[in-house]
Amino acid sequence: MVHIWPIGGGKGGSGKSFLTSSLGRLLAGLGKKTLLVDLDLGSANLHTLVDVPYPEKSFSDFIRKKIPLLEDVVSETPVPNLYIISGAHDNLDIANLPYEQKVKILKAIARLDYDWILLDLGAGTSFNTLDFFLISQNSMFITTPEPTSIENVYRLVRAIYFRRIRHYFNATDFKALEEEVLRQFGEGSFNNPDCIMEVIKEAHPEKNLLLENDFNSFKFKLVLNQLRKHDNIALGSQICKIIEKHLGLQVDFAGNIAFDDRVHDAICQRVSFLDRYPYTRTAYDLRELSKRIAQFTGQQLLIRYT
Ligand SMILES: Nc1ncnc2c1ncn2[C@@H]1O[C@H](COP(=O)(O)OP(=O)(O)OP(=O)(O)O)[C@@H](O)[C@H]1O
Ligand SMILES: [Mg+2]
């Protein structure tokens, strides 16, 4: 059974690609056939972090139909069991992917034969990034302890929430929903999930059931990266509580990853941080995270995508 984990965060530089490549190496080391997919089209660089400096094929070959099968754009890496679909050479603006193409990509990814597929997503909340999150009930969000990063991750989770609601309404019904929420609860209330759900429950009970089902099946995990010694180690759990309180979505805290200057050194030297500095706190944290993630054997449910 394939486990698909979109990995994202609201802010650039929070460590999504470093974490994706590190978890990929570790899962592969546990004997899991693991595929990394660089969906940060436009600024793809995941290949560099897994020692594939010049990928010969990339995602755009599939999108531009030069290579018809997604499995044929997979490249091997020097790490046994670890494979990558590179986003290099893509001058594609991810925001411009038409809906049908996106669905085709998501379905093709879901059909690939791997134990683990980790999707490295771009920062921000473009519709396509949000939809790539919704391929799977699992999602991993990365933030650093900085307030700006936390704010962005909160925004990202909220945007995913709204995107899911939008999915069940056509444009006219969605407009009517907005008007009804504003009529009942006043200005600004369409930003409030409780108000929206209240109206959906009343006016569209069948949609409410589907949405509740979706939201209950999401398994959101939060990772706090680049934690420095003086930072609050309970911050990650606190962020999860805030998200649950304000959005009603359960996000489990998956762990802290310590900050270490040598991450930068390893990336500059193009060596694996885990191999070069295995006895650091950061490497320990990454190993613990990978073990927790690898234990996850819950049924993989692909969210309906039509
Ligand atoms: N745990 C860590 N300790 C120290 N530095 C880190 C850590 N994690 C990431 N970094 C630093 O942050 C930089 C950005 O990381 P990374 O490229 O993974 O971020 P990103 O979220 O993928 O960014 P982008 O959105 O631009 O793709 C890395 O080059 C590295 O120097
Ligand atoms: Mg990145």
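Atoms within a ligand are numbered from 1 in the order they appear, just like the ligands themselves.
For atom 18 (O) of ligand 1, the nearest protein heavy atom (residue, atom name, distance) is F18 N, 2.8 Å. Among all protein heavy atoms, the one lying closest to atom 27 (O) of ligand 1 is D40 OD2, 3.3 Å. The nearest protein atom to atom 1 (N) of ligand 1, hydrogens excluded, is given as N225 OD1, 3.0 Å; this is a heavy-atom distance. Closest protein heavy atom to atom 28 (C) of ligand 1: I267 CD1, 3.7 Å. With hydrogens left out, the protein atom closest to atom 19 (O) of ligand 1 is G15 N, 3.2 Å, a heavy atom.
Below 30°, between 30° and 60°, or above 60°: for F190 and F174 the angle between ring planes is above 60°, a perpendicular geometry. Using cut-offs of 30° and 60° for the angle between ring planes, the F18 and F273 rings count as perpendicular.
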Audit row: Q250, D252, side chain to side chain donor-acceptor pair (under 3.5 Å) steps and yes/no: CA-CA 6 Å; Q250 197 190 332; D252 297 325; 2.9 Å; yes

As a quick check of understanding, evaluate side chain to side chain donor-acceptor pair (under 3.5 Å) for T282 and T280, giving each step before the final call. CA-CA 5 Å; T282 303; T280 54; 4.9 Å; no

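For a distance threshold of 2.8 Å, the protein N, O or S atoms nearer than that to the Mg ion (ligand 2), listed by chain and number, are S17 OG.
Two rings, from H204 and F169, have their centers less than 6.0 Å apart. With ring centers used as reference points, F133 lies 6.0 Å or more from F218.
Residue contacts with ligand 1, taken as heavy atom pairs separated by less than 4.0 Å, involve V263 solely via side-chain atoms from C-beta onward.
A donor-acceptor pair is defined here as one N or O able to donate and one able to accept, closer than 3.5 Å; no such pair exists between the side chain of R25 and the backbone of V79.
Note: the hydrophobic cluster containing L19 does not contain F259 (ILVMFWY, side chain heavy atoms under 4.5 Å, direct or indirect links).
At a 3.5 angstrom cut-off on N or O pairs, G12 does not count as close to ligand 1. At least one N/O-N/O distance between G13 and ligand 1 falls below 3.5 Å. The N/O atoms of D120, backbone and side chain alike, include none that comes under 3.5 Å of an N/O atom in ligand 1. For ligand 1, the polar-atom distance check finds an N/O of S17 within less than 3.5 Å of one of the ligand's N/O atoms. Residue S14 has at least one N or O atom closer than 3.5 Å to an N or O atom of ligand 1. On a distance-only criterion, A258 and ligand 1 share at least one N/O pair closer than 3.5 Å.
Taking the centre and axis of the six-membered ring of Y114, the NZ or CZ atom of K33 falls inside the cone set by 45° and 6.0 Å. Note that K57 lies outside the cation-pi zone of F62, set by a 6.0 Å cut-off to the ring centre and a 45° limit from the axis.
With ligand atoms numbered from 1 in the order given, ligand 1 contributes 3 (N), 4 (C), 5 (N) to contacts under 4.0 Å with heavy atoms of D260.
Looking at every heavy atom in both residues, K16 comes nearest to G9 through CD-N, 3.3 Å.
Defined by atom type and a distance below 3.5 Å, a donor-acceptor pair is missing between the side-chain atoms of S86 and D38. Of the N and O atoms on the side chains of Y168 and D173, not one donor lies less than 3.5 Å from an acceptor on the other residue.
If you check each of K11, K16, Q226 against atom 10 (N) of ligand 1, the one with the closest non-hydrogen atom is Q226.
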